[in-house]
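See below for the structure under consideration.
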Amino acid sequence: CCSGFRPDPSSGIMAAVGRDRGSSSPLRTSEVIHTMKNPRDPHVVFQPAAGQALRRGAALVVNAVRPTLGPRPRLVAVERNRRTDAPELLDQAGVIARRLIQIEHADEDIGAMLVRHLMWRMYERVGDGAATAAVLFKALYEGGMRYIAAGGNAMTLRKRLEAAELEVQKTLANMAQ
């Protein structure tokens, strides 16, 4: 189909650039331009921008629940849908994850949803530790992205993380006995 896509960041237009199948002539830009009037409409996201947007969205949620960590009770204010209502004050990350937190930028919202899902599953299974899981996720994600950006192999990273997971599980099982 197409050999690549190039965004036009100034106009909000994505344009495909490449060759038609069975033809050696390049595609005309007018044939493949898609305007993105609504940021929620489906669109092509390019690797650097996608990774950065996921990281920003995950960081927003993690930074929102981080104050709930620790022995001192700290509250997080969650704005309600109607602006006239007082914000809801919450002190558990799992409950915060259950609340509808929607970020305006769709790609950042995907990163936020990943962290919310992680926190909610932890809260359902264990009842606690959702904020800790979110902070660990952020540290592992950012460390992994730095490793890959520095030229590391993603599959080697995955295998090492899986091996470390087994070791952590064994250690925790020994501590529980």
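Taking Leu161 as the reference, Leu140, Leu157 meet the side-chain contact (heavy atoms from CB on, under 4.5 Å) condition, with sequence neighbours excluded. Qualifying salt bridge (charged side-chain N to carboxylate O under 4.0 Å, His left out) partners for Arg56, counting only residues two or more places apart in sequence or in other chains: Glu108. Glu142 meets the side-chain contact (heavy atoms from CB on, under 4.5 Å) test with Arg55, Lys138, Arg146; sequence neighbours excluded. For Glu165, the salt bridge (charged side-chain N to carboxylate O under 4.0 Å, His left out) criterion is met by no residue, not counting sequence neighbours. The side chain to side chain donor-acceptor pair (under 3.5 Å) test applied to Glu167 returns no partner, not counting sequence neighbours. Applying the side-chain contact (heavy atoms from CB on, under 4.5 Å) rule to Asn153 yields the partners Met155, Thr156; only residues at least two apart in sequence or on another chain are considered. Remark: Leu172 engages Val168, Met175 in a side-chain contact (heavy atoms from CB on, under 4.5 Å) (not counting sequence neighbours).
Applying the ring pair (Phe, Tyr, Trp, His ring centres under 6.0 Å) rule to pairs touching residues 155-175 yields nothing, sequence neighbours excluded. Screening residues 140-177 for ring pair (Phe, Tyr, Trp, His ring centres under 6.0 Å) gives Phe137-Tyr141 as the qualifying pairs, with residues at least two apart or on separate chains. Pairs engaging residues 150-164 under the salt bridge (Lys or Arg N to Asp or Glu O under 4.0 Å) rule: Arg158-Glu162 [sequence neighbours left out].
Clustering of Ile, Leu, Val, Met, Phe, Trp and Tyr by side-chain heavy atoms under 4.5 Å joins Met122 with Val126. With a 4.5 Å cut-off between side-chain heavy atoms of Ile, Leu, Val, Met, Phe, Trp and Tyr, the cluster of Leu166 takes in none.
Residue Thr68 comes nearest to Arg74 through the heavy atom pair CG2-O, 4.0 Å, listed as atom of the first residue, atom of the second, then distance. In terms of heavy atoms, Ala133 sits closest to Leu118 at O-CD2, 3.6 Å.
Distance alone, capped at 3.5 Å, places no donor-acceptor pair between the Asp109 side chain and the His105 backbone.
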